[in-house]
Structures are given as structure tokens and as C-alpha cells.
Amino acid sequence: MSEKIQLGLPLLKKGSSEVIAVRRLQELLNHFLVGGGMLAPLKVDGDFGAKTEEAVEYVQKWAKLVVDGDVGAKTWTWLLNNWFTTEAD
């Protein structure tokens, strides 16, 4: 049985000021979007602006999550679980 841990990741949305967390998010989004040829890569600058929001919504739609542009527990979980899965391939 695998043990679950609480990661304590912040809720991110357009205008969020958590620069380091937004940069990590942008890197994760680029992994999916660029690797899958879906959208142009995001600039990893820590600014959660319109392009980052669009990329989040694109991934949420693709992952069949609620499409709201916010990165909460379900979106973080999907991104991290699928990043680890694709990194192993």
C-alpha cells in the first residue's frame, strides 16, 4: 500500500505572486504542451498571465478536469502524476 503525502502546493491563478511556484508550473506545462506539440512553449518567467492561464486551461480540458484556469489540488496532482509517468518512459 502506498503512503500519501501532503505536498502543500499553493493555489495558483492569473495574477498569482508566487514566482517560484509559477516558474515550476510553467516548466511542467511546457513538458506537456511542447512535448505533445500542442502549444508554443511558455516563457518561464514566474508571471501567471494570460498565456499561462491559457496553457492551464488547455491541460485541464485535455485531462478532463474542471476548466477554470486555476491550479489547485486536482490540477497539481494530475500534472505531477503524469509528469512522473512520462519521465519514466
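All residue numbers refer to positions in the sequence shown, counting from 1.
No donor-acceptor pair under 3.5 Å is formed between the side chain of N30 and the backbone N or O of P41.
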Using a 3.5 Å cut-off and no angle test, enumerate the donor-acceptor pairs between side-chain atoms of residues 49-56 and protein atoms at least two apart in sequence or in another chain.
unit_1 : atom_1 : unit_2 : atom_2 : d
T52    : OG1    : Q26    : NE2    : 3.0

Show me the side-chain donor-acceptor pairs of residues 63-71 shorter than 3.5 Å, one per line, residues at least two apart or across chains.
unit_1 : atom_1 : unit_2 : atom_2 : d
D68    : OD1    : Q60    : NE2    : 3.2
D68    : OD1    : D70    : N      : 2.9

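For W78, the ring-ring contact (aromatic ring centres under 6.0 Å, His included) partners at least two apart in sequence or on another chain are F32, W62. Evaluation of the side chain to side chain contact (heavy atoms under 4.5 Å, CB included) rule for L28 yields W76, L79, L80, W83 as partners, not counting sequence neighbours.
Contact annotation: the side chain of L33 approaches that of V59 to within less than 4.5 Å [non-hydrogen atoms, C-beta and beyond].
At a threshold of 4.5 Å between side-chain heavy atoms, the hydrophobic network of Ile, Leu, Val, Met, Phe, Trp and Tyr places L29 and Y58 in one connected group.
Sorted by first and then second residue, the salt bridge (charged side-chain N to carboxylate O under 4.0 Å, His left out) pairs with a member in residues 15-24 read R24-E27; sequence neighbours excluded.
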